[in-house]
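Note that the coordinates shown come from a computational prediction; the quantities given were computed from them, not determined experimentally. Sequence lines set the chain letters: A, B, ... in the order given, protein chains first and strands last, and positions in each chain run from 1.
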2 protein chains.
Amino acid sequence: MDSKKLENIFGALSSSLRLRMTLLMVKRPFCVCELENIFDVSQPAISQNLKILKAANLIGEKREKQWVFYSTNKELLSSAFGEFLELLEKEDAFIEIVGLKISDLPHDPQKSCEILQRKKEVLKSDLLQGGN
Amino acid sequence: MDSKKLENIFGALSSSLRLRMTLLMVKRPFCVCELENIFDVSQPAISQNLKILKAANLIGEKREKQWVFYSTNKELLSSAFGEFLELLEKEDAFIEIVGLKISDLPHDPQKSCEILQRKKEVLKSDLLQGGN
DNA sequence: TAAGTATATTAGCATATGCTTATGAAGTTC
DNA sequence: GAACTTCATAAGCATATGCTAATATACTTA
């Protein structure tokens, strides 16, 4: 579970529609035509949002006759949140994320900013950035 | 913790920059000028993203001399995720979210869709929608 | 109080998102 | 295999998002 996967999960759950769909599909599998009527958006909108949830691995699908049933992957949610909370505790997460050791930076913001500015000029910015 | 608050939290964590900022500020408080140099975006971009994190209550701020120090509200994250997982288990979450009892819907998608379509025509859509 | 520093806000712009309508593809049923 | 149903994809458009540059505000210090 890298941070890109977490980003996708959080992004998938950041819309009201997808959050409600996720909370619904945890109860039992639903097909697209049911979801379309429950949430009062067009069928393509449902499909598109299911695609986003699926890309985040938050739902699974199962074809049955002419229907496709989608259901929430509850285990993934639990484990993702758990791993995120672990990441918060992890002492060296700082290094992985910004390429710095926490001990490199004094608490005094004046000194800290000087160090960072120098570092910024030396290092290429792509070492620090991971896109958006 | 209603679903709107969860939405804000997930939205706040759905960008790479804000996710990394959150993981960083859990280690110790940081001021804007430090963050600006760490993440190689402009100072206004940092302030704007801090504002989003703060609106989701994910960070707290503490003024000290001319600096404003921001730090991650770790407890909120734990409790938010916990409450979301509880919501997934909650039997009647379905009712709150879509205004229907799960027992109203047969598993047979053909019958289920018919019921939903009738319900859709009867009920105003604003009972089912919560915006995006 | 003037100058300097840190942060916030505004305006503007490029890109992303999220819907709708139209269409395509795949499976079902008669 | 033709009509029907279900779902996915594409095109188009309006709005949201996220940055930068410019400016304002607030605090600090001499």
Which residues in residues 52-62 of chain B have a heavy atom closer than 4.0 Å to any atom of DNA chain C? none
Who passes side-chain contact (heavy atoms from CB on, under 4.5 Å) against A/T72, sequence neighbours left out? A/T22, A/M25, A/V26, A/I59, A/L77
Taking N or O atoms only and anything under 3.5 Å, show me the protein contacts with nucleotides 13-15 of chain C, one pair per line.
none

Residue pairs meeting side chain to side chain donor-acceptor pair (under 3.5 Å), one or both in residues 42-54 of chain A, sequence neighbours left out, come to A/R18-A/N49, A/Q43-A/S47, A/K54-A/E61
Strictly by side chain to side chain donor-acceptor pair (under 3.5 Å), give each pair with a member in residues 77-86 of chain B just once, sequence neighbours left out. none
Show me the side-chain donor-acceptor pairs of residues 106-114 of chain A shorter than 3.5 Å, one per line, residues at least two apart or across chains.
{"from": "A/D108", "atom 1": "OD1", "to": "A/Q110", "atom 2": "N", "distance (Å)": "3.2"}
{"from": "A/S112", "atom 1": "OG", "to": "B/E34", "atom 2": "OE2", "distance (Å)": "2.4"}

By the rule that ILVMFWY residues connect when side-chain heavy atoms come within less than 4.5 angstrom, directly or transitively, which residues belong alongside A/F69? A/W67
In degrees rounded to 10°, what angle is found between the helical axes fit to the five outermost pairs at each end of the helix from C/dT1-D/dA30 to C/dC30-D/dG1? 30°
Residue set satisfying ring pair (Phe, Tyr, Trp, His ring centres under 6.0 Å) with A/F84, at least two apart, ordered chain then number -> A/F10, B/F81
Taking side chain to side chain donor-acceptor pair (under 3.5 Å) as the test, write out the residues that go with B/N73, two or more places apart. none
Going 5' to 3' through nucleotides 23-30 of chain D and flagging B where a protein heavy-atom sits under 4.0 Å of the base, S where only the sugar-phosphate is that close, and - otherwise, we get ----SSS-
Sequence neighbours excluded, the answer for side chain to side chain donor-acceptor pair (under 3.5 Å) partners of B/K65 is none
